[in-house]
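We name chains A, B, ... by the order of the sequence lines, and we start the count at 1 in each one. For the numbers below, each heavy atom of this structure counts, side chains included, while hydrogens, waters and symmetry mates do not.
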There are 2 protein chains.
Amino acid sequence: MNEENQLLTRCLYFTASRFARNITKLAEETFDADDLAPSYLYLIMTVRFHPDITQKELCRKLSIAPSTSTRFIDKLEKRKLVTRTPGGKETFIALTDEGEKVYQHFRQSLEVLFERYSELLGREFSRDLSKMLHEASNKLEQNH
Amino acid sequence: MNEENQLLTRCLYFTASRFARNITKLAEETFDADDLAPSYLYLIMTVRFHPDITQKELCRKLSIAPSTSTRFIDKLEKRKLVTRTPGGKETFIALTDEGEKVYQHFRQSLEVLFERYSELLGREFSRDLSKMLHEASNKLEQNH
DNA sequence: ACCCTTCATTTGCATATACAAATATAAATT
DNA sequence: AATTTATATTTGTATATGCAAATGAAGGGT
């Protein structure tokens, strides 16, 4: 393997960004949910498991910047999928009934997505890769 | 582990996007190159190893959309780091001397980046993860 | 030599995402 | 109680990135 391929294969920044683009495309194709990008669905899912979660906590769980959460919630609120309840300096987020429906639909698409990439990448490989990415993020975040 | 954590740990879309955000942040901090985002540096690197490469080929190697390559090259051309040579319907891209300098600097920062994440994640773990991401992208791209 | 098709690049538009500054509210200190 | 400090959210602005439509250039068939 020549130097160039070495660098392109070895650099985690590059391989991770490239893979993220590829899997995002697959996820978008699979979800096809109401014009909502996959990341919105993860926010919905997190709210569903933690009713009245604060934005800060959402940011932490999803590893997104606060401003990003504001924008996401703006959009979801406008579509009446979540509600904002201001409480002091915090804001609590909860799902509407419509949001719950979207979640249920998403939950099913998620299985389809799992199937699709497991078929392409192998079931065990996918599980390992996902686990490694999860751990790696945790470690990077620990060190700010 | 509860259902929510299962889903957040198991879904490759989510773990990959999250990790990409984290490692991008680390890369940006490390490179600190002239306002150029890391992805530009990978384009520069690829051109450096393939003088007079066409844009299409660049897109393929970097897994970016054609429009993205146009925009990247616009910026790099404006900064006199690469040149565009139109040849029929294709366009050939090459590095300028200044571009070569930026590459050399980048090449060194890359080692620093490798060091930084290897320290946090483990050397072998990083190598494996990167290799897996690389292979996984190849497989996803094979199936359009 | 002219049309039709094919393919590479560009342009218009949209969106996810971030950082830094601004705002709003609560908590702490005097 | 008033002022300062700390913290959560929002807003302004910027950028990477993509898709779909437009453009431009080549080559094949008539």
Side-chain angles (χ1 to χ4, degrees), chain A residues 13-14 16-29 31-43 52-79 82 84-93 141 144, chain B residues 13-14 16-29 31-43 52-79 82 84-93 141 144:
Chain A
Y13 160 75
F14 181 74
S17 313
R18 177 177 170 227
F19 180 72
R21 286 196 291 277
N22 282 315
I23 193 87
T24 297
K25 203 180 295 178
L26 193 66
E28 281 166 351
E29 279 170 32
F31 293 161
D32 183 28
D34 230 359
D35 272 9
L36 286 178
S39 24
Y40 288 87
L41 298 170
Y42 279 85
L43 194 153
D52 285 319
I53 191 174
T54 64
Q55 266 181 243
K56 187 180 166 63
E57 194 52 18
L58 263 176
C59 292
R60 208 187 52 75
K61 280 182 185 291
L62 299 172
S63 304
I64 56 178
S67 54
T68 304
S69 78
T70 297
R71 304 254 149 77
F72 277 26
I73 293 167
D74 284 350
K75 187 163 173 177
L76 293 173
E77 198 186 24
K78 202 169 291 169
R79 301 197 185 193
V82 305
R84 264 191 173 103
T85 312
K89 41 184 181 182
E90 297 171 313
T91 304
F92 302 101
I93 313 296
E141 285 172 20
H144 315 182
Chain B
Y13 161 74
F14 181 74
S17 313
R18 177 177 170 227
F19 181 72
R21 287 196 289 280
N22 283 316
I23 193 86
T24 297
K25 203 179 296 178
L26 192 67
E28 280 166 352
E29 280 171 31
F31 292 159
D32 183 28
D34 229 0
D35 270 10
L36 286 178
S39 25
Y40 288 87
L41 298 170
Y42 279 85
L43 195 153
D52 285 320
I53 191 175
T54 64
Q55 266 180 245
K56 187 181 167 60
E57 195 52 17
L58 263 178
C59 291
R60 208 186 53 73
K61 280 184 185 290
L62 299 172
S63 306
I64 56 177
S67 53
T68 304
S69 78
T70 297
R71 306 264 151 69
F72 277 25
I73 293 167
D74 284 350
K75 187 163 173 177
L76 293 173
E77 198 186 25
K78 202 169 292 168
R79 299 195 185 194
V82 306
R84 264 190 173 103
T85 312
K89 38 183 184 183
E90 296 171 315
T91 305
F92 302 101
I93 312 296
E141 285 172 20
H144 314 181

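One interatomic measurement links the two molecules: CG of A:D74 to P of D:dT9, which rounds to 13 Å at whole-angstrom precision. If you take NZ of A:K75 and P of C:dA14, they are 12 Å apart, rounded to a whole angstrom. Summarising the geometry, the separation between CG on B:L76 and P on D:dT15 is reported as 14 Å, rounded to the nearest angstrom. Atom CG in A:L62 sits roughly 14 Å away from atom C1' in C:dA16 (whole-Å rounding). In this structure, the CD atom of A:E57 is 15 Å from the C1' atom of D:dT7, given to the nearest Å. In this structure, A:F72 places its CZ atom 11 Å from C1' of C:dA18, rounding to the nearest Å. For the pair B:E77 CD and C:dT10 C1', the interatomic distance rounds to 13 Å; values are reported in whole Å. In this entry the distance linking CD of B:E28 with P of C:dA20 reads 11 Å, nearest Å.
A:E90 and A:T54 share no donor-acceptor pair across their side chains, judged by distance under 3.5 Å alone.
Contact check for B:I93 versus B:L76: no side-chain heavy atoms found under the 4.5 Å cut-off. A heavy-atom distance below 4.5 Å is found between the side chains of A:Y42 and A:L62.
Taking side-chain N and O atoms only, A:S69 has no distance below 4.0 Å to OP1 or OP2 of D:dT9. In this model, the phosphate group of D:dT10 is approached by a side-chain N or O of A:R84 to a distance below 4.0 Å at OP1 or OP2. OP1 or OP2 of C:dA16 lies within a sub-4.0 Å distance of a side-chain N or O belonging to A:Y40. Residue A:T70 has a polar side-chain atom (N or O) positioned under 4.0 Å from OP1 or OP2 of D:dT10. Residue A:K56 has a polar side-chain atom (N or O) positioned under 4.0 Å from OP1 or OP2 of D:dA8.
Note on B:S67: a base of the nucleic acid sits closer than 4.0 angstrom, heavy atoms only. Nucleic acid contact for B:R21: sugar-phosphate only, since backbone atoms but no base atoms lie under 4.0 Å from a heavy atom of the residue. Counting any heavy atom pair closer than 4.0 Å across all strands shown, A:F92 reaches no nucleic acid atom.
Each of A:S17 and A:C59 lies near DNA chain D, and the nucleotide nearest A:C59 is the one positioned closer to the 5' end. Between A:I73 and B:I64, the residue whose closest nucleotide on DNA chain D is further toward the 5' end is A:I73. Mapping B:P66 and A:P66 onto DNA chain C via the closest heavy atom, the residue that lands nearer the 5' end is B:P66.
Judged by distance alone, with hydrogens and angles left aside, the side-chain atoms of B:R84 form no donor-acceptor pair with the main-chain N or O of B:E77 at under 3.5 Å.
Ion pair B:E57/B:R60 flagged as a salt bridge, since at least one NZ, NE, NH1 or NH2 atom sits closer than 4.0 Å to an Asp/Glu carboxylate oxygen.
Between D:dT9, D:dA25, C:dC19, one nucleotide has an atom nearer to the side chain of A:R71 than all others, and that is C:dC19. Of all nucleotides listed (C:dA18, C:dT25, D:dT9), C:dA18 comes nearest to the side chain of A:T68. Counting only heavy atoms from C-beta on, A:T91 has its side chain closest to D:dT9 among D:dT11, D:dT9, D:dT17.
By the 6.0 Å contact criterion, NZ on A:K61 is enclosed, its count of non-hydrogen atoms from other residues, nucleotides or ligands being greater than 12.
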